[in-house]
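Quick note on labels: first sequence line is chain A, next is B, and so on, each numbered from 1. This structure is a prediction, so every number in the text was calculated from the model and none was measured.
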Amino acid sequence: MNLFAEIRALVVTALHDLETEGHLPEGLDTAHVAVEPPRDPLHGDMATNAAMVLAKPAKMKPRDIAQALAPKLTADPRVDAAEVAGPGFLNLRLNPKVWADVARAALAQGTDFGRSSMGAGQRVNVEYVSANPTGPLHVGHTRGAVFGDALASLLAYAGFDVTREYYINDGGGQVDVLARSVYLRYLEAHGQEVAFVDGTYPGDYLVPVGEALKTKVGGAYLNAPESVWLQDIREFATAAMMDLIRSDLLALGVKMDVFYSEKSLYGSGRIEAAIDDLRSKNLIYRGTLEPPKGKVPEDWEPREQTLFRSTDYGDDVDRPIQKSDGAWTYFAPDIAYHYDKVSRGYDALIDVFGADHGGYVKRMKAAVAALSENRTPLDVKLTQLVKLYKNGEPFKMSKRAGTFVTLRDVIDQVGPDVTRFVMLMRKNDAPLDFDFDKVVAGGRDNPVWYVQYAHTRCLSALRNAEKAGIPTNGTDFLIEDPAEERLVQKIAEWPRLVEIAARTNEPHRVAFYLYELASDLATLYTLATQDRHDLRFVQEDKTRSAAKLPLARATQVVISAGLSILGVTPAEEM
RNA sequence: GGUCCCGUAGCUCAACUGGAUAGAGCACCUGACUUCUAAUCAGGGGGUUGGGGGUUCGAGUCCUCCCGGGAUCGCCA
């Protein structure tokens, strides 16, 4: 139940009445009419811009429209007052009962309060992580994993039918490198001295893989040429790496619905089919690309390649899909993969990439637009870098120096809940500072702690009440103080916030909302503790207490629902 | 050089996609608090939203040109 949407519907109906009665011209477009909370709460509970939006098309003064609209709205029992203000805002003051009624739904519906039908069951595919299967996940992947997962949960909560998907890049040359690295570890397991050269991966995590390979094949690959073992070790190593990644994800609480293998596309004819689809639309041709403007690479020479005419769909240059030796570029199987997603019938696609893939966005969008004939929208969310700090000092990651911070390192130190919440306190496209010491500290400036603490306070009040034999299952609020009013309104805003966050694909809004909700609870809590014992959730007068407890429960329920979307376990005790 | 992202209080960041006087936390100043689970709560000071121009009733938000930071730029994936 989104009260703002309901009042907006009321406004639109009133506008149509005005049209019918001849006070407004017929057929006005009400799409831009909004009903929002005013910036200053003194202005009222809600404000609508209807008069200003319609002034021009109606050829009327905004204040005149607002004047005509006001009585229509106050005729509704939910609206106590409607005042024209400023350039033509209409400020609405609602009957206090209305807010309480909305918040009361939290008592009846529990954590389903706020669940929306906005998505109407539309099928959305969210692709995230998709890290190369060559090693454990690191902090950069962690952010993408947390963001993608929270976004998926948010969309599901908002009524979409969501698929969480991971694209395994197991088709390219980096898997050969992985196989050779594992072969070295395999030799090592047989007691040989080895050197990690030619860019092979020196990480310790391949030691057990080499040993496992020894257990499996014994000495069969010793002194054998690459042609004998490469294929087999590729598969063996990829499987081992995916096991590693899956367990990393599980430690973070991420469960994928689909793992889609790039390699499975090769030799299946599906790459060719996707390219043929583009070719039939006259978007594939042989040609030579211009050299990049400005700095031209030293070894640049004109080269004829097979190109995708992505410029027809807003890209800056056409993109190669085949190398000069005829092999596919990375882009080709990715086109086929997205072709597959389109043909699986999704209503919308979302890709979550790291910031280093920024240059890849336009061509991917072009491909999806072409393949789906503009029917399937693709939104690409880029997650920016994570900067790590310890004791306020930044520390650099380097694969070569071995100071390579993995997802495991982070989780082992601060736990999955803290990791997730902190990474969701930022917009995806803003860089993120992650300080190992700050995120586990207590206090107001640590949002994770602060929100969790608010949750435990509510639960604790409810527990104490149970012990004292006070009923905690009341279904109405006793609202007497502005601090309580604010909290109730905040709770009532939850369903609207879910819809905004889902519409913009921005889960960080949920985190910020929870922080504000926690703050409103803390205000009331301190007030009741210090001056107004009659406002306490648990107090001497059991009848009053029973009337105050529902507010604690509603707050707890909303925090719990919000944290669950973010993938954070609501704390029972701290 | 092209493209994309970012630039908001001393610091870290919001701002409901074009709404009213740009908001929080930290830090600073003043006050409350032996607590329903402590690390809090109330109030105050602090701003030319990087800069110029434009669009309109109205711009941090959209357009344009600069400045600064980051990412990326044909046989890596």
Worksheet, complete the sentence: Of U37(B), A77(B), C6(B), the nucleotide closest to the side chain of Tyr360(A) is A77(B)
Worksheet entry | Proximal nucleotide (of C41(B), G74(B), U37(B)) relative to the Gln305(A) side chain | G74(B)
Worksheet item: Base, sugar-phosphate, or nothing for Pro291(A), non-hydrogen atoms under 4.0 angstrom?
Response: nothing
Discussion item. Just to be sure I understand the rule, does Ala528(A) reach a base, reach only the sugar-phosphate, or reach nothing, if contact means heavy atoms closer than 4.0 Å?
Written reply: base
Discussion item. Counting the atoms with a prime plus P, OP1 and OP2 as sugar-phosphate, which does Gln530(A) contact under 4.0 Å by heavy atoms, base, sugar-phosphate, or nothing?
Written reply: base
Worksheet item: Roughly, in whole Å, what's the span from NZ in Lys381(A) to P in C5(B)?
Response: 12 Å
Worksheet item: To the nearest angstrom, how far is Lys490(A) atom NZ from C16(B) atom C1'?
Response: 10 Å
Discussion item. Over all strands shown, is Arg319(A) touching base, sugar-phosphate only, or nothing at heavy-atom distances under 4.0 angstrom?
Written reply: nothing
Discussion item. When both hydrogen-bonding distances must be under 3.5 Å and the geometry is Watson-Crick or G-U wobble, what is U49(B) paired with, if anything?
Written reply: none
Response to the item:
Against the side chain of Ala430(A), the closest entry in U3(B), A14(B), C16(B) is A14(B)
Worksheet item: Just checking Glu506(A): base, sugar-phosphate only, or nothing, at a heavy-atom cut-off of under 4.0 Å?
Response: base
Worksheet item: Within this structure, what is the CG-to-P distance between Asp520(A) and C41(B), rounded to whole angstrom?
Response: 11 Å
Item to complete: Using the C1' atom as the reference point in each nucleotide, state the distance between A15(B) and G54(B) in Å, no decimals.
Response: 24 Å
Worksheet item: Say you pick atom P in A22(B) and the same atom in C63(B); how far apart are they, in whole Å?
Response: 24 Å
Practice prompt. In whole angstrom, give me the gap between the C1' atoms of C33(B) and A39(B).
Written response: 13 Å
Discussion item. Is there aromatic stacking of Phe89(A) on G19(B) here, judged by a ring-centre distance under 5.5 Å and a plane angle under 30°?
Written reply: no
Practice prompt. Answer yes if the side chains of Asp351(A) and His338(A) hold a donor-acceptor pair under 3.5 Å, and no otherwise.
Written response: yes
Practice prompt. Mind checking Pro302(A) for me? I need base, sugar-phosphate or nothing, with any heavy atom below 4.0 Å counting as a touch.
Written response: base
Item to complete: Could you state the atom-to-atom distance from CG of Leu90(A) to C1' of G19(B) in whole Å?
Response: 14 Å
Worksheet item: Closest to the Tyr450(A) side chain: U72(B), A39(B), C41(B)?
Response: C41(B)
Worksheet item: Touch check for Asp170(A), heavy atoms < 4.0 angstrom, all strands: base, sugar-phosphate only, or nothing?
Response: nothing
Fill in: Sugar-phosphate, base or nothing in reach of Asn49(A), heavy atoms under 4.0 Å
base
Item to complete: Check every strand shown and say whether Gly173(A) touches a base, only sugar-phosphate, or nothing at a heavy-atom separation below 4.0 Å.
Response: sugar-phosphate
Worksheet item: Lys427(A) side chain N/O closer than 4.0 Å to the phosphate oxygens (OP1, OP2) of A15(B)?
Response: yes
Worksheet item: Can you check whether Thr200(A)'s main-chain N or O pairs, donor with acceptor, with Arg180(A)'s side chain at less than 3.5 Å?
Response: no
Worksheet item: Taking atom P in both C6(B) and U21(B), what distance in whole Å separates the two?
Response: 26 Å
Worksheet item: Between Tyr330(A) and Tyr360(A), what is the ring plane arrangement, given parallel below 30°, perpendicular above 60°, and tilted in between?
Response: tilted
Practice prompt. Report which part of the nucleic acid Ala522(A) touches: base, sugar-phosphate, or nothing (heavy-atom distance under 4.0 Å, all strands).
Written response: sugar-phosphate
Item to complete: Using modelled atom types only, decide if a donor and an acceptor are shared between the side chain of Asn428(A) and the backbone of Leu382(A) within a distance under 3.5 Å.
Response: yes
Worksheet item: OP1, OP2 of C5(B) versus side-chain N and O of His357(A): anything below 4.0 Å?
Response: no
Response to the item:
Closest of U12(B), A77(B), U37(B) to the Asn132(A) side chain is A77(B)
Practice prompt. Report which part of the nucleic acid Gln452(A) touches: base, sugar-phosphate, or nothing (heavy-atom distance under 4.0 Å, all strands).
Written response: nothing
Discussion item. Using O4'-C1'-N9-C4 for purines and O4'-C1'-N1-C2 for pyrimidines, with syn meaning within 90° of 0, is U64(B) syn or anti?
Written reply: anti
Worksheet item: Any N or O donor-acceptor pair linking the side chain of Arg496(A) to the base of C16(B) at under 3.5 Å?
Response: yes
Discussion item. Applying a 4.0 Å non-hydrogen cut-off, can you work out what Phe537(A) is touching in the nucleic acid: base, sugar-phosphate, or nothing?
Written reply: base
Fill in: Proximal nucleotide (of A77(B), C13(B), G74(B)) relative to the Arg303(A) side chain
G74(B)
Discussion item. Looking only at the side chain of Met52(A) (C-beta and beyond, no hydrogens), which of the listed nucleotides G19(B), U37(B), C5(B) gets closest?
Written reply: G19(B)
Discussion item. Classify Arg63(A) by what it touches in the nucleic acid, base, sugar-phosphate, or nothing, heavy-atom distance under 4.0 Å.
Written reply: nothing
Worksheet item: With both distances under 3.5 Å as the test, what is the Watson-Crick or G-U wobble partner of A71(B)?
Response: U3(B)
Fill in: Atom-to-atom span, CG of Leu535(A) to P of U35(B) - whole angstrom
18 Å
Worksheet item: Does the ring of Phe4(A) carry Arg496(A) above it, NZ/CZ under 6.0 angstrom from centre and within 45° of its axis?
Response: yes
Discussion item. At 4.0 Å (heavy atoms only), tell me whether Thr504(A) reaches a base, stays on the sugar-phosphate, or touches nothing.
Written reply: base
Discussion item. Ring-plane angle category for Phe512(A) and His508(A), please: parallel below 30°, perpendicular beyond 60°, tilted otherwise.
Written reply: perpendicular
Practice prompt. Please determine, by modelled atom types, if Asn2(A) and Glu499(A) share a side-chain donor-acceptor pair under 3.5 angstrom.
Written response: yes
Item to complete: Please state how far atom NZ in Lys438(A) lies from atom P in C26(B), giving the value in whole angstrom units.
Response: 12 Å
Discussion item. Starting the side chain at C-beta, find the nucleotide from C41(B), C16(B), G74(B) nearest to Thr523(A).
Written reply: C41(B)
Practice prompt. Ignoring the backbone of Lys56(A), work out which of A71(B), C33(B), C57(B) is nearest its side chain.
Written response: C57(B)
Worksheet entry | Value in whole Å for how far the P atom of G18(B) lies from CG of Leu54(A) | 17 Å
Fill in: Electrostatic pair Arg234(A)-Asp176(A), nearest N-O below 4.0 angstrom
yes
Practice prompt. Measure from CD on Glu290(A) to C1' on G1(B) and round the result to the nearest Å.
Written response: 14 Å
Fill in: Short side-chain to backbone donor-acceptor contact, Ser545(A) and Phe537(A), under 3.5 Å
yes
Worksheet item: Is there a donor and acceptor pair, one atom on the side chain of Ser324(A) and one on the base of C75(B), closer than 3.5 Å?
Response: yes
Fill in: Polar pair under 3.5 Å, donor/acceptor by atom type, side chain Asp445(A), base A39(B)
no
Worksheet item: Under the 3.5 Å rule, do the base of G25(B) and the side chain of Arg444(A) count as making a donor-acceptor pair?
Response: no
Fill in: cation_pi(Arg363(A), Phe308(A)) dist<6.0 Å, angle<=45
no
Item to complete: Select one nucleotide: of A15(B), C57(B), U37(B), the one nearest the side-chain heavy atoms of Pro87(A).
Response: C57(B)
Discussion item. Please name the nucleotide paired to C26(B) by Watson-Crick or G-U wobble geometry with both distances under 3.5 Å, or report none.
Written reply: G10(B)
